[in-house]
Amino acid sequence: MRRTTAVIGGGCSGALVVLELLRCTDDEVLLIEPGTPGAGVAYGAARPWHLLNSRAGAMSADPDDPGHFVTWLRGRGIAAGPDDFVSRRHFGRYLYASLEAAACAYPGRLRLFDSPVARVATGPDGPALVLADGRLLRADRAVLAVGGSGGGQPAGLTEAGRSHPGYVADPWAPRALDAIPRGARVLLLGTGLTAIDVMLSLVEAGHGGPVTAVSRHGLLPRAHGAAGPPVTLPHQTRLRPLMRQLRVAAAAHGDWRPVVDGLRPHLDALWTGFSAEEQDRFLRHVARHWEVHRHRMAPAVADRVEALRASGDLTVRAGRPARIEPAGPGLLVTFADGHQERYGAVVACTGSCRLPEAAGPLLTTLLGDGLVRPGPHGLGLDVDAAGRLRDAAGRVNPRLWTVGPLRRGALWETTAVPEIRAQARALAEQLRTVGERMEERPARPAIVAVNQLAA
């Protein structure tokens, strides 16, 4: 008998899960995504100048065909090789095209629902999903694939500052940057990849005013170098010896990139092997330094950023805003050291923050209902080794799963396509095995979708 699996969220994580469920199981798959499937935040709002921060050869949606994305690009007249960094827009369209192709290859098994999930209820027969438009979907199991937690409210942001037109809480919202006056001084809260994307968007829009990016450490992502084989390090299980080992290996090799790349396949084993105290020490003292080396800028983007810094159009500084409040048409920012500056706009670019404070509407409801609970350090949700969610009492729910960034904390390396792709394949194989063992019972039809993937 065919089982039904609901996938909540149709961004990158959700798309990869759907593809693996169609390939590896006989399930009927319900994809709940109010936006364009495959796009998500990372790719749906991307502009042509927003490049992938990984080489095209690492971005295949098919674990069995590493060159699938590059082949798709070339088939559409886009000259790209496995070592090239292409527009994120291309990847969002590629995921959508992959879903389309899978829907055709496995006819009648994929249904798309364009209303977000408002609430989830669980019972012995599986989860029931209440959509925002009032429809009720029933499934045998559900996969939460909504990406990471949202950005939290910056410290010191007053209520009046939050509602001020010069404060941009979500730079990926449609036309979010359009209201920033040209030539105005702009403060970016964060110095990571999101801040780089916002800076490039301001430049492309002809903003022309000075931009300052601020974070606690004032560190920008490093740049990718030439592709090369990774360097494998001897096995190490403790944080401090590992950091010494990394420094020695990077100095001996003359380039830290192959050393970081060589460590990547072992990161989750290292992370889970650390004690809670070591994990906390890593988060406080090492995490940001690791992130800027691990999640790098494409070389072309790094060159543009360096030129903007050299011209004075972009300033990067270490600091912490202590208060953000209206001051006439702009905002007055008081930093922790007492220094004050006026800006025409302040843009939040801090990325994912910790749970439960940074939970979006659905996660807030799930947490409030006790169906899930924050995982270690509040970085994601609590899961078992297979990715099944734990409820408020710590019980594993065999019918609720998650993949991708929401596994952060239980895992460390769980936000990039290669890792999410592997999780999606493993999940599909586990669900197939579970489905084969499940006792036969009458099928419950799901509500029929009102729209399907466009032809």
What are the two closest non-hydrogen atoms of [X] and [Y], and how far apart are they?
X	Y	answer
G404	S13	CA-OG, 4.1 Å
P265	G262	CD-O, 3.4 Å
A61	L95	CB-CD2, 4.2 Å
P418	A58	CG-O, 3.7 Å

Do side-chain atoms of [X] reach the backbone of [Y] as a donor and acceptor pair under 3.5 angstrom?
X	Y	answer
T158	I324	yes
R294	V292	no
Q279	W271	yes
E325	A160	no
H164	G330	yes
D391	V372	no
H377	L379	no
R182	A205	yes
H68	M59	no
R185	R342	yes

Check this for me, if you would: do [X] and [Y] make a salt bridge, where the nitrogen-to-carboxylate-oxygen distance has to be below 4.0 angstrom?
X	Y	result
E159	R162	yes
R47	E204	no
D384	R390	no

[X] side chain to [Y] side chain, donor-acceptor N/O pair below 3.5 angstrom:
X	Y	result
E419	T414	no
S60	D62	no
S98	W72	no
H339	E341	yes
Y43	H50	no

Does the side chain of [Y] come within less than 4.5 Å of [X]'s, by heavy atoms?
X	Y	result
R240	R281	yes
M199	V305	no
L188	V214	no
T232	P230	no
E33	I8	no
V383	V396	no
L220	I196	yes
C349	L189	no

**Q.** Stepwise side-chain contact (heavy atoms from CB on, under 4.5 Å) test for L51 and V86
**A.** CA-CA 5 Å; L51 304 183; V86 302; over 6 Å; no
- [ ] Begin from the C-alpha positions of D197 and R88 and carry the test salt bridge (Lys or Arg N to Asp or Glu O under 4.0 Å) through to its verdict.
- [x] CA-CA 11 Å; D197 288 339; R88 291 211 301 267; 3.0 Å; yes
Enter the distance from [X]:[atom1] to [Y]:[atom2] here, rounded to the nearest 0.5 Å.
X	Y	atom1	atom2	value
L233	H266	CG	NE2	8.0 Å
R296	S54	CZ	OG	9.0 Å
L314	T212	CG	OG1	7.5 Å
L270	E278	CG	CD	10.5 Å
Y343	I180	OH	CD1	13.5 Å
R407	D382	CZ	CG	12.5 Å

Practice item. Kindly indicate, with the supporting measurements, whether the criterion salt bridge (Lys or Arg N to Asp or Glu O under 4.0 Å) is fulfilled by R421 and E20. Key: CA-CA 9 Å; R421 182 176 60 210; E20 291 306 306; over 6 Å; no
Kindly indicate whether a cation-pi arrangement holds for R317 with F335, taking the cut-offs as under 6.0 Å to the six-membered ring centre and within 45° of the axis. yes
Note to self: Here's one to test your reading of the geometry: is the NZ or CZ of R408 within 45 degrees of the ring axis of W412 and under 6.0 Å from its centre?
What the structure shows: yes
Output, in order, the C-alpha distance, side-chain angles, deciding distance and verdict of salt bridge (Lys or Arg N to Asp or Glu O under 4.0 Å) for D84 and R74.
-> CA-CA 12 Å; D84 290 331; R74 290 172 175 171; over 6 Å; no
Open item on the list: Let's go through W49 and S87 carefully: what are the C-alpha distance in whole Å and the side-chain angles of both, what is the deciding distance for side chain to side chain donor-acceptor pair (under 3.5 Å) to 0.1 Å, and is it a yes or a no?
Closed with: CA-CA 7 Å; W49 51 84; S87 170; over 6 Å; no
side-chain contact (heavy atoms from CB on, under 4.5 Å) assessment of R216 paired with R288
CA-CA 9 Å; R216 185 162 66 98; R288 182 54 187 158; 5.8 Å; no
Test side-chain contact (heavy atoms from CB on, under 4.5 Å), reference V186, set V211, V346, V198, output is V211
Problem - More than 12 heavy atoms of other groups within 6.0 Å of R238 CZ - result: no
Looking at R76, I want to see if its CZ is surrounded by more than 12 non-hydrogen atoms of other residues, nucleotides or ligands under 6.0 Å. yes
Please determine whether salt bridge (Lys or Arg N to Asp or Glu O under 4.0 Å) holds for the pair R284 and D280, giving the CA-CA distance in whole Å, both sets of side-chain angles, and the decisive distance to 0.1 Å.
CA-CA 6 Å; R284 286 186 286 114; D280 186 64; 2.8 Å; yes
Fit a plane to each ring of F69 and Y94, take the angle between them on a 0 to 90° scale, and name the class: parallel (under 30°), tilted (30 to 60°) or perpendicular (over 60°). tilted
- Stepwise side-chain contact (heavy atoms from CB on, under 4.5 Å) check, L31 with F113: CA-CA 6 Å; L31 175 58; F113 296 81; over 6 Å; no
side-chain contact (heavy atoms from CB on, under 4.5 Å) for L73 and F91? Distances and angles first, verdict last. CA-CA 9 Å; L73 289 168; F91 189 68; over 6 Å; no
